[in-house]
Amino acid sequence: MTDLTLYSMPSSGNSYKARLLLAFLERPYRHVGIEYETPELDATHKAGTLPLKKLPVLQLKDGTRLPESNAILCYLADGTDWLPPNPVDRAQVLAWMFWEQNQHESVIAVRAALLTYANRQHFATPERLADLLNRGHALLAQMEDHLAPRDWLVGDFPTIADIALYAYTHSAASKGRFEMDRFPSIQAWLDRLSNLPGHITLDDIPA
Ligand SMILES: N[C@@H](CCC(=O)N[C@@H](CS)C(=O)NCC(=O)O)C(=O)O
């Protein structure tokens, strides 16, 4: 029996963030998978299950439903080693998580979605794809410079900033066709995170 229910989209990096932290924390939860472009997603919208009309959503024991992947990470990480208690370190973690949402996701994840989801393909003009590729490489270069002298984004241990950025960076080559060979420090950081005990892949969907 568990107190938590996660509504998540199996193919989505934002939903993967929550599944990944729950796995690292070894927290049991009920999983409700709702995929893009399905009648289940339409029904979920009609039922009003998603407070901000997007997945993932974490439902707590008292019925409270938390939206926004990075807010869910903050909630789950509170009191654990994944969110530092020091206010300065904590603010640095949040800074990377805001950057993930307002810079990285809107380029790296969007190009991957344009190349992956059938109903987005008419938006995928060569000009748009090229623009996203250039902007993505610039963002990845920023991460590369930051990670070159350190193992983790903030401090000496992995935090939820690493999980937030890992979610779409780990598939940037396979889904977004970004040239990840140019970024060896990012590759080493991805390997470090994927070698942590409890790591699951995007495709490890709970039954
Ligand atoms: N900022 C949100 C973005 C969530 C989001 O865009 N979710 C998409 C999947 S990645 C979704 O729910 N799409 C379904 C829809 O728009 O109907 C977060 O980080 O949770």
Side-chain angles (χ1 to χ4, degrees), residues 4-25 27 29-60 64-78 82-83 93-124 128-129 132 135-136 139 143 153 159-178 193 200-206:
L4 297 176
T5 299
L6 181 71
Y7 296 87
S8 96
M9 184 177 286
S11 66
S12 143
N14 283 318
S15 290
Y16 177 42
K17 293 174 196 171
R19 299 196 300 270
L20 184 54
L21 181 58
L22 284 160
F24 280 136
L25 294 173
R27 283 204 58 178
Y29 64 102
R30 189 171 76 95
H31 182 254
V32 181
I34 304 165
E35 197 41 87
Y36 201 55
E37 299 173 319
T38 60
E40 289 78 23
L41 180 59
D42 295 339
T44 307
H45 280 307
K46 282 203 184 91
T49 309
L50 311 175
L52 295 181
K53 305 196 188 310
K54 297 284 179 189
L55 295 153
V57 165
L58 183 70
Q59 183 172 302
L60 312 182
T64 301
R65 293 197 189 117
L66 298 178
E68 287 293 329
S69 57
N70 288 350
I72 293 170
L73 292 183
C74 285
Y75 170 79
L76 290 171
D78 194 41
W82 289 91
L83 185 57
V93 167
L94 290 175
W96 278 108
M97 294 170 82
F98 290 129
W99 184 81
E100 187 269 336
Q101 284 285 289
N102 67 38
Q103 304 278 321
H104 182 281
E105 195 233 25
S106 56
V107 174
I108 308 284
V110 166
R111 188 178 142 93
L114 290 176
L115 293 169
T116 307
Y117 293 116
N119 83 338
R120 304 277 178 93
Q121 274 165 13
H122 63 284
F123 295 121
R128 184 148 189 230
L129 288 175
L132 290 169
R135 287 163 58 204
L139 293 164
M143 285 179 71
L153 288 169
T159 68
I160 50 174
D162 298 290
I163 293 182
L165 265 307
Y166 177 85
Y168 286 107
T169 308
H170 88 286
S171 56
S174 58
K175 292 195 173 182
R177 299 185 210 151
F178 290 97
L193 198 127
I200 56 166
T201 69
L202 179 76
D203 299 325
D204 287 329
I205 306 298

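Both ligands and their constituent atoms are indexed starting at 1 by order of listing. Keep in mind the model is a prediction, meaning the values are calculated, not measured. Each residue takes its place number in the sequence, starting with 1.
Checked by atom type and distance alone, the side chain of Y16 pairs as donor or acceptor with a backbone atom of I200 at under 3.5 Å. Side-chain N or O atoms of T38 include one that pairs as donor or acceptor with a backbone N or O of E35 at under 3.5 Å.
Taking a heavy-atom cut-off of under 4.0 Å, ligand 1 is surrounded by M9, S12, N14, L41, H45, K54, L55, P56, E68, S69, Q101, Y168.
Within a 6.0 Å sphere centred on CZ of F98, heavy atoms belonging to other residues, nucleotides or ligands number 12 at most.
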Could you go through the side-chain contact (heavy atoms from CB on, under 4.5 Å) check for L129 and R111 one step at a time? CA-CA 6 Å; L129 288 175; R111 188 178 142 93; 3.5 Å; yes

Test side-chain contact (heavy atoms from CB on, under 4.5 Å) on H31 and R19 and set out the steps. CA-CA 9 Å; H31 182 254; R19 299 196 300 270; 3.8 Å; yes

Output a table of donor-acceptor pairs, distance under 3.5 Å, between side-chain atoms of residues 44-56 and any protein atom two or more places apart or on a different chain; print 'none' if there are none.
from	atom 1	to	atom 2	distance (Å)
T44	OG1	E40	O	2.6

